[in-house]
There are 2 protein chains.
Amino acid sequence: MRNNGKATIREVAREAGVSIATVSHVMQGKASLHTTETVQRVRSIAEGLAYSPNRVAQSLSSRRTKTLGLVIESRIAGRFTTNPFCTAVLDGFLECTSEADYQVKIVSLRQDDLEYVANCIGDGSMDAVGLLAPTVDGPLITWARTARIPNVLIGSLPDEVRLSGVDVDDSTTVYEVVCWLIALGHRRIGIITGPPTQWSALRRENAYLRALEEAGLEQDPALRYVGNYEPSSGNAGVTALLMADPPPTAVICGNDSVAIGAIETLHKMHIRVPEDISIVGFDNHEIAKLSRPPLTTIRQPLHEMGMKAAEMLMNAMDHGGVLAPSVVIFPGSLVKRRSVCKPPERSIRGGQ
Amino acid sequence: MRNNGKATIREVAREAGVSIATVSHVMQGKASLHTTETVQRVRSIAEGLAYSPNRVAQSLSSRRTKTLGLVIESRIAGRFTTNPFCTAVLDGFLECTSEADYQVKIVSLRQDDLEYVANCIGDGSMDAVGLLAPTVDGPLITWARTARIPNVLIGSLPDEVRLSGVDVDDSTTVYEVVCWLIALGHRRIGIITGPPTQWSALRRENAYLRALEEAGLEQDPALRYVGNYEPSSGNAGVTALLMADPPPTAVICGNDSVAIGAIETLHKMHIRVPEDISIVGFDNHEIAKLSRPPLTTIRQPLHEMGMKAAEMLMNAMDHGGVLAPSVVIFPGSLVKRRSVCKPPERSIRGGQ
DNA sequence: CTGAAAGCGCTTACAG
DNA sequence: CTGAAAGCGCTTACAG
């Protein structure tokens with residue numbers, strides 16, 4: 001009796017009068033290896049001793065931890081509380097892993113240098129990892145390129161053929177949203193982007209530009225504001241975009257929090273949403289439908305993405321720990337609520 | 001070179017021409033044990049080989065995993081996404097652990113029987129655990145009573161002297177809120193409680209009853225609805241309370257989601273908030289200030305509670321793995337917004 | 001069907 | 001200041 005007083009395999013073996021190998025077999029459910037009598041004896045002794053295997057010892061011995069990591073870069077401010085993206089993915093991840101008797105470790109990186117990152121992730125305590133919305137050319141992506149363990153990026157996937165990941169098809173979705181706004185009659189469409197350190201932000205901006213171009217609309221830099229996914233960039237962004245001449249009649253925001261920040265500022269300026277300016281969010285976070293007006297936004301299947309990522313990782317572990325580069329893209333979908341309508345007859349500035 | 005191709009302590013030792021004990025010492029920063037020259041040689045070899053210790057082996061050998069668990073009972077629906085409580089606590093937990101080079105494992109229980117729970121938590125892969133809002137007499141509390149490893153309950157703390165935990169002083173806060181409502185002139189105050197499986201819900205209800213009693217007000221069962229922290233219990237709850245005679249002029253809700261559900265239903269019934277009925281929430285979740293009207297609610301310092309829990313656990317590990325039963329109670333605070341005002345001159349039913 | 005033995009990659013007294 | 005050795009609690013060929 002050591003180890004916090006927990007029984008060990010050795011004690012079970014002794015009491016049952018068998019070898020530890022036998023106990024190991026029985027505990028692993030390899031019952032067919034032994035006589036029914038042996039199996040039952042071992043089982044009842046194990047139960048009597050409240051024995052359960054030490055997972056650390058199992059891991060070291062079998063070279064499998066049955067633990068997946070979920071890694072967050074240091075720059076992601078506030079982590080889970082402020083980032084519905086992380087939270088929803090985590091839930092999906094947990095749902096999938098707990099069924100398979102895998103555990104999950106949250107790795108919250110505190111530095112950006114590659115050595116630190118590699119040591120954290122490669123400490124042997126995780127079989128494979130999901131990387132949450134890695135930064136463009138950041139430490140996570142750099143690490144992933146030469147990683148020794150299976151890994152999948154979750155969101156903000158770069159166009160790199162050697163990496164694996166799951167993401168939403170934000171490009172198509174944003175393109176379609178812009179086309180829809182144009183069809184509604186909007187000609188001056190602004191965008192408050194996410195930070196350029198995220199591929200998703202760059203991709204969405206490109207999709208936006210492409211839609212404008214194909215519609216023969218001018219791509220006015222004054223209609224683009226570089227935000228950071230925080231509500232404050234909604235406040236500042238919409239204020240900046242209003243300076244454009246003529247000002248936008250619709251604005252696409254980096255996420256729902258940004259959209260709510262934008263609406264808040266517009267309210268204060270007595271500019272009506274959507275009558276004067278239409279607003280589109282991103283994420284379909286719980287707050288989207290509580291917003292006044294309720295927010296038209298883009299849903300990402302984050303829960304499903306988390307599940308898929310976990311599944312890919314566990315699957316790789318079942319196949320020798322190798323994950324062939326593979327990418328799974330989920331469709332986004334537009335959730336229409338009340339923050340979008342036709343553009344006003346005349347511009348809020350008195351019209352063009 | 002095995003182990004995913006990672007260098008082991010053995011290889012570093014061989015290259016450096018020292019014993020593995022020496023490498024171990026150097027890696028642990030026990031530099032004073034050796035000559036500067038040895039230390040530097042080992043360090044540079046280790047770096048050249050990109051060596052970092054295998055955490056699993058360290059754990060088995062040292063009997064310390066430097067990993068904390070955060071455990072969620074199976075009944076908590078939706079986990080993190082739908083439960084701002086869990087999310088905020090997790091962030092606090094992470095903030096504290098990552099500084100101390102501890103890792104955190106999320107344990108999402110799938111069954112309620114004690115044996116399963118004990119095996120999950122007691123698998124040796126965690127040094128100590130935080131238990132999220134355990135159910136009254138549920139498996140987590142049962143486990144905690146005889147646990148072999150340090151543990152602290154986080155929220156919903158029962159009155160049990162042998163257990164450790166952190167919680168908010170919801171009792172005092174609810175009492176004060178009720179007194180405040182009474183001072184505003186309210187005489188018929190309803191409550192939509194949390195589920196009776198949570199101590200916090202029972203405690204809040206008791207505090208509510210006590211405040212009424214001390215003010216000499218009737219404790220009308222028709223003014224109490226047993227909810228479950230879901231928005232739908234706000235819808236159903238407020239509908240039920242409205243049947244009381246006379247109906248309430250103020251309602252205290254189990255959390256902010258419930259309050260928002262209640263407001264939604266009242267809107268549909270064309271009952272004004274707060275002019276006809278005042279509404280109080282709980283949590284000060286991000287949605288509270290987005291609500292129309294913005295929600296008067298009770299803030300719990302969840303982030304701080306998470307940090308404190310992690311600190312207590314790590315501290316216990318630094319003291320032989322024993323945690324003297326200790327309880328830390330944080331004050332709650334009332335966040336006044338616009339969903340509360342004086343009661344209407346006459347009841348919405350035509351008055352008493 | 002069962003067990004002895006080697007080994008997973010470390011840490012930690014202990015001896016020198 | 002340094003190293004040989006035992007041991008952490010298991011798994012897994014391998015031999016019988």
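The chains referred to below are lettered A, B, ... by the order of the sequence lines, with proteins before strands, and numbering in each begins at 1.
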> Between Ile20(A) (CD1) and dT2(C) (C1'), how many Å, whole number?
Replying inline: 13 Å
>> Could you check whether Arg43(B) pairs with Glu47(B) (Lys NZ or Arg NE/NH1/NH2 to Asp/Glu carboxylate O, under 4.0 Å)?
In response: no
> Between Asp123(B) and Lys6(A), is there a side-chain N and carboxylate O pair less than 4.0 Å apart?
Replying inline: no
> Between dC10(D) atom C1' and Arg63(B) atom CZ, what is the distance in whole Å?
Replying inline: 14 Å
>> Measuring to OP1 and OP2 of dG3(C), would you say a side-chain N or O of Thr22(A) lies under 4.0 angstrom away?
In response: yes
For residues 307-320 of chain A, which side-chain N or O atoms pair as donor and acceptor with protein atoms under 3.5 Å away, sequence neighbours left out?
{"from": "Lys308(A)", "atom 1": "NZ", "to": "Glu311(A)", "atom 2": "OE2", "distance (Å)": "3.4"}
{"from": "Asp318(A)", "atom 1": "OD1", "to": "Arg64(A)", "atom 2": "NH2", "distance (Å)": "3.4"}
{"from": "His319(A)", "atom 1": "ND1", "to": "Asn315(A)", "atom 2": "O", "distance (Å)": "2.8"}

>> Run through DNA chain C and report every stem of 3 or more consecutive Watson-Crick or G-U pairs, distances under 3.5 Å, ordered by first number.
In response: C:1-3 with D:14-16, C:5-12 with D:5-12, C:14-16 with D:1-3
> When Asn151(B) is tested against each of Ile121(B), Leu323(B), Val129(B), Leu140(B) for side-chain contact (heavy atoms from CB on, under 4.5 Å), which residue passes?
Replying inline: Val129(B)
>> In this structure, how many angstroms lie between the C1' atom of dG7(C) and the CD atom of Gln58(A), rounded?
In response: 16 Å
> Rounded to whole angstroms, how far apart are CD1 on Ile9(B) and P on dT12(C)?
Replying inline: 11 Å
>> Less than 4.0 angstrom between a side-chain N/O of Gln28(A) and OP1 or OP2 of dC10(D), yes or no?
In response: no
> Asp123(A) has an atom CG; how far is it from atom C1' of dG9(C), in whole Å?
Replying inline: 13 Å
>> Using the rule side-chain hydrogen bond (donor to acceptor under 3.5 Å, both in side chains), only one of Thr87(B), Asn83(B), Thr81(B) pairs with Asp91(A); which is it?
In response: Thr81(B)
> Asn54(A) CG to dT11(D) C1': how many Å, rounded?
Replying inline: 13 Å
>> For Ser62(A) and Gly17(B), find the nucleotide of DNA chain D closest to each by heavy atoms; which residue's nucleotide sits nearer the 5' end?
In response: Gly17(B)
> Would you call Lys105(A)-Asp127(A) a salt bridge at under 4.0 Å N-O?
Replying inline: no
> Between Ser24(A) and dT11(D), does any side-chain N or O lie under 4.0 Å from OP1 or OP2?
Replying inline: yes
>> Heavy atoms only, 4.0 Å cut-off, all strands: where does Thr38(B) land among base, sugar-phosphate and nothing?
In response: sugar-phosphate
> dA4(D) P sits how many Å from Arg14(B) CZ, rounded?
Replying inline: 15 Å
Between the protein and nucleotides 13-16 of chain D, which nitrogen or oxygen pairs come in under 3.5 angstrom?
none

>> Side-chain N or O of Thr35(B) versus OP1/OP2 of dT2(D): is the shortest distance under 4.0 Å?
In response: yes
> At under 4.0 Å, does any side-chain N or O of Ser19(A) touch on OP1 or OP2 of dG3(C)?
Replying inline: yes
> Heavy atoms under 4.0 Å, any strand shown: does Val56(B) hit a base, just sugar-phosphate, or nothing?
Replying inline: nothing
> Ignoring hydrogens and geometry, is there a side-chain-to-backbone donor-acceptor pair from Ser326(B) to Ser164(B) under 3.5 Å?
Replying inline: no
